[in-house]
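Worksheet for the structure shown next.
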Amino acid sequence: MPTNRVCASVSRRAQESPESTALWFGEERITYRQLHVRTTELSQEIDRLLPDRDRPVCVTVHKTPDAVALLLALFGAGRQVLLPSAGLGEQVVQELARRAGCSQILFLAPGDGSTAAARSVVPGRTPTAEPPGPENSLLFLTTSGSTGIPKIVPILRAAQDRFTDWAADAFDIAPGRTVLSYAPLNFDLSLLDVWTTLAVGGSVALVPADRSTDAGYLLDLIERTRVHLVQSVPMLFRLLTEASVSRGDRLPVRLEHAVITGDSTMADLLVRIRRGLPGARLYNLYGCTETNDSLLHRITDADVASAAAGMADAAVWKGLPLGRPLPGVRTVLVDEYGRDLEGPGTGELLVSTPFQTSGYLDPGLTADRFVPRAGAPAPFYRTGDVVTRAADGTLTLEGRNDFQVKVRGVRTNLQEVERVLARHPEVREAVVVAIPDTEAGVRLHALVERPRDSRLNSLDLRRHLSERLPRTSIPSSFTITDEPFPRTSTGKPDRKLIANLRHVKG
Amino acid sequence: MNSTLPLKTWLVDNFITDITPDQLEDDLDLIDSGIVDSLRLLRLISWVSDTYEIPMDEVPLSPDNFRSVAAIRAFVVEAKDPAAA
């Protein structure tokens with residue numbers, strides 16, 4: 001089996017430049033030598049804990065230096081890792097582990113979090129398909145679905161190596177440079193923040209999960225560790241730029257690259273970011289777990305001027321362009337009948353990238369989203385995003401072609417939230433709409449009909465939802481009514497009217 | 001912090017308008033239940049800071065301090081008088 005590139009980089013740096021910084025974690029600085037030593041220690045623990053070398057292992061960890069070392073140890077041993085969100089319930093983790101063919105779940109024991117421990121996967125039905133072997137993929141990420149079981153996406157080693165080359169070149173990641181890691185380890189953003197940076201010998205400033213909303217802490221971390229690149233959903237930039245108001249508009253940091261990704265950027269936020277980071281290059285980056293990054297737009301003065309105008313008149317602001325395909329990326333727009341759109345027009349975006357997965361672990365799901373095309377060596381991924389192509393080839397996001405929205409960067413299916421609400425015994429019908437929100441991008445609002453004699457309130461519904469859904473799928477506001485819903489002429493709940501009513505009420 | 005009523009009233013007025021303050025339990029997880037998201041957390045922190053006169057620059061902050069009415073109460077008591085906690 002070929003040596004994993006990240007592991008090879010860490011051992012090489014430990015030899016050649018042992019005192020250089022691999023990780024920052026709060027005040028703590030971890031050198032490449034220390035990271036290598038920790039990785040070696042954990043490798044021995046892994047051999048003891050996981051005798052079954054041929055099965056993937058499910059790993060649930062929060063982002064700490066030990067968690068990074070644990071993953072490096074597993075990659076180094078050629079072990080395949082399923083990395084679900086640390087916030088998922090035990091039942092979902094167990095089911096994901098079964099589907100990936102894992103026999104054990106590995107975690108860092110509570111306490112100082114430095115000792116690895118394992119528990120067994122409860123046997124169930126056999127996995128639906130053979131995953132790609134360790135020679136092809138060592139890391140399985142999961143999609144951020146709103147309900148049910150997330151889809152498992154194997155990250156191909158060769159694809160990640162190509163991605164590393166692109167990202168390191170595009171954002172000047174190299175020894176002596178520091179990249180902020182804001183997203184959790186299981187997010188695809190870590191493929192850049194953590195794994196690309198370590199693979200080229202740079203330094204990663206890890207944000208501990210419990211400090212992620214502390215703007216003062218984040219600004220201090222960015223400046224103290226000389227972070228040159230921040231990649232994040234818009235929310236982090238809002239947090240940072242709003243915190244700086246009291247000290248003037250300009251942020252006390254020296255970022256070179258600020259990359260906004262995962263969600264659309266509100267007009268006022270773009271203006272704040274430009275003011276806050278006058279010396280930084282700003283980008284809008286588009287991608288998904290299945291394909292990794294696909295399109296990049298370098299934000300221009302004209303974009304900022306358009307956003308400033310959009311603050312006065314919302315109709316002016318169409319959002320940031322998605323930009324143009326990265327090298328090697330191919331895009332196609334198709335209309336509602338599946339026909340290719342040539343030239344300017346609006347349709348669903350399909351992408352094929354050098355960084356994409358070979359497909360979900362479940363081949364049934366793959367067939368629906370990955371479509372082969374005549375003359376193309378690799379399939380195209382149906383993004384579900386409706387996109388407009390201008391005459392100059394620039395792409396702009398219009399929305400989703402289904403009931404999906406992004407809530408704080410997490411893809412959320414409105415109909416799935418409705419279905420879970422409808423399972424509550426006192427709910428007759430539920431409609432969930434996404435309301436544009438100046439702060440959050442969108443917020444979810446639920447309209448719920450209860451029987452006339454019911455005393456159902458929003459806390460009951462929140463309790464019901466929080467046991468079954470991730471936090472981002474729980475609506476911000478509820479209207480509970482005994483009256484039937486407004487309907488369209490075809491008898492369906494009138495979602496537009498429901499959203500507008502809510503909008504007017506505020 | 002003599003009473004949690006002002007806090008509950010503020011939470012209900014701002015985020016849970018269909019219930020009364022007394023229906024809000026002290027130990028309800030405000031974050032897991034989706035009542036307080038990351039942006040609302042900033043508003044909540046700012047309100048607690050203003051109302052109870054706690055300079056947030058000087059106090060270590062964690063979302064866990066704002067997870068429930070009980071947690072916020074404990075945080076305020078500790079911040080006002082570290083010796084008493």
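Here the structure is a predicted model, which is why all the values come from computation and not from measurement. Here is how names work: the chains are called A, B, and so on, in the same order as the sequence lines, proteins then strands, and each is numbered from 1.
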Requested in this report: Check each atom of B/D64 against the heavy atoms of chain A and say whether the ones under 4.5 Å are side chain, backbone, both or neither.
Outcome: neither
Query raised in the report: Given a strict heavy-atom distance threshold of 4.5 Å, which part of A/P208 is in contact with chain B: side chain, backbone, both, or neither?
Result: neither
Requested in this report: Would you mind reporting whether B/L7 and B/Y52 have side-chain heavy atoms less than 4.5 Å apart?
Outcome: yes
Query raised in the report: Are there residues of residues 458-467 of chain A that reach to under 4.5 Å of chain B by heavy atoms, and which ones?
Result: A/S458, A/L459, A/R462, A/R463, A/S466
Report summary line: Comparing A/M235, A/R471, A/R238 against chain B, the one with the most heavy-atom pairs below 4.5 Å turns out to be A/R471
Report summary line: One option among B/L42, B/I45, B/D37 has the most heavy-atom pairs under 4.5 Å with chain A, and it is B/D37
Query - Which residues share a ring pair (Phe, Tyr, Trp, His ring centres under 6.0 Å) with A/F485, sequence neighbours left out - result: none
Query raised in the report: Do B/I35 and A/I474 have side chains that get closer than 4.5 Å, going by heavy atoms?
Result: no
Query raised in the report: Which bit of A/N457 is near chain B, if near means a heavy-atom gap under 4.5 Å: side chain, backbone, both or neither?
Result: both
Query raised in the report: What pairs with B/F75 under ring pair (Phe, Tyr, Trp, His ring centres under 6.0 Å), at least two apart in sequence or on another chain?
Result: B/F66
Query raised in the report: Do A/V230 and A/V253 have side chains that get closer than 4.5 Å, going by heavy atoms?
Result: no
Query - Side chain to side chain, A/L180 and A/D193, heavy atoms closer than 4.5 Å - result: no
Query raised in the report: Which of residues 18-31 of chain B get closer than 4.5 angstrom to chain A, counting heavy atoms alone?
Result: B/D18, B/I19, B/Q23, B/L24, B/E25, B/L28, B/I31
